[in-house]
Amino acid sequence: MKIHVEPYAAIGKRIKSTREQKGVTQEALAEKIGMSVTHISNLENAHSKASLTAFLNIANALDVSLDVLACDCVYRSKAVFIDELGKLVKDADDMEIRVIVDVVRALLDSMRKQKES
């Protein structure tokens with residue numbers, strides 16, 4: 001089985017969301033890794049392709065592992081998504097948590113039934 005993934009758009013979105021979550025501007029990231037702001041913008045919008053060196057420098061500058069930035073492109077990323085889910089619900093109140101759990105339970109049930117058929 002041949003596996004083919006076009007990762008640039010997904011990784012660009014992750015770079016941008018991670019950068020914004022950490023309160024880092026494009027300018028600050030660009031300065032920290034020696035790139036132009038335009039290049040950072042182009043990477044985030046998938047108008048340019050990052051080299052492995054650039055990808056590593058961005059991950060290090062944002063203090064995240066590569067799998068955080070590439071999790072939408074890697075099949076085995078469960079730990080990253082579990083961590084992300086935990087961060088999303090950490091400040092939810094009791095009612096919100098109950099609704100989220102009910103929705104996730106129903107979604108998983110539906111997905112598993114579709115898999116069986």
Side-chain angles (χ1 to χ4, degrees):
M1 175 175 85
K2 185 176 179 181
I3 297 175
H4 179 75
V5 176
E6 290 294 336
Y8 297 103
I11 290 172
K13 287 178 186 176
R14 285 282 172 174
I15 290 170
K16 182 178 182 176
S17 67
T18 302
R19 178 182 59 72
E20 289 175 342
Q21 287 171 4
K22 293 184 173 275
V24 177
T25 64
Q26 286 182 336
E27 293 79 8
L29 179 58
E31 184 177 325
K32 192 168 188 178
I33 63 174
M35 277 187 184
S36 70
V37 175
T38 301
H39 192 57
I40 296 293
S41 177
N42 285 337
L43 292 174
E44 291 182 351
N45 293 296
H47 298 302
S48 295
K49 296 178 179 180
S51 67
L52 181 57
T53 301
F55 188 48
L56 290 167
N57 288 337
I58 290 167
N60 287 331
L62 295 174
D63 194 31
V64 295
S65 64
L66 290 175
D67 60 335
V68 168
L69 299 179
C71 66
D72 295 309
C73 308
V74 178
Y75 295 128
R76 300 226 178 246
S77 299
K78 185 176 181 176
V80 173
F81 289 115
I82 288 173
D83 184 55
E84 188 173 323
L85 184 58
K87 289 176 184 174
L88 286 170
V89 300
K90 78 177 180 183
D91 63 346
D93 64 29
D94 289 345
M95 183 54 83
E96 291 169 331
I97 290 291
R98 288 179 186 178
V99 171
I100 291 167
V101 168
D102 288 344
V103 169
V104 169
R105 203 176 274 132
L107 181 60
L108 285 172
D109 187 46
S110 174
M111 292 171 69
R112 288 173 179 160
K113 284 180 182 173
Q114 280 186 341
K115 242 192 251 184
E116 292 172 2
S117 48

**Q** Hey, are the side chains of Lys22 and Val64 touching, using non-hydrogen atoms and a 4.5 Å cut-off?
**A** yes
**Q** State, yes or no, whether a side-chain contact exists between Ile33 and Ile40 at a heavy-atom distance under 4.5 Å.
**A** yes
**Q** Can a salt bridge be assigned to the pair Asp94 and Arg98 using a cut-off of 4.0 Å between side-chain N and carboxylate O?
**A** no
**Q** Please report the shortest heavy-atom distance between Lys32 and Ala61, naming the atom on each side.
**A** NZ-O, 3.4 Å
**Q** Can you tell me how far the OG atom of Ser41 sits from the CG atom of Leu29, to the nearest 0.5 Å?
**A** 11.5 Å
**Q** Can you give me the closest heavy-atom contact between Ile11 and Ala70, atom names plus distance?
**A** CG1-CA, 4.1 Å
**Q** For Glu84, does the CD atom sit with more than 12 other heavy atoms under 6.0 Å from it, leaving out its own atoms?
**A** yes
**Q** Taking all non-hydrogen atoms of both residues into account, name the closest pair between Phe55 and Ala50 and its distance.
**A** N-CB, 4.4 Å
**Q** Answer with yes or no whether the hydrophobic clustering places Ile58 together with Val37; edges join I, L, V, M, F, W, Y residues whose side-chain heavy atoms lie under 4.5 Å apart.
**A** no
**Q** Is a side-chain donor or acceptor of Asp93 paired with a backbone partner of Met95 at a separation under 3.5 angstrom?
**A** yes
**Q** Answer whether the closest heavy-atom distance between the side chains of Glu44 and Gln26 falls below 4.5 Å.
**A** yes
**Q** For the pair Asp109 and Arg105, find out whether any cationic side-chain nitrogen is under 4.0 Å from an anionic carboxylate oxygen.
**A** no
**Q** May I ask you to test the Arg19-Leu62 pair for a side-chain heavy-atom distance under 4.5 Å?
**A** yes
**Q** Under 4.5 Å between side-chain heavy atoms, hopping through other hydrophobics if needed: is there a path connecting Val68 to Leu88?
**A** no
**Q** Is the CG atom of Asp102 crowded by more than 12 outside heavy atoms at less than 6.0 Å?
**A** yes
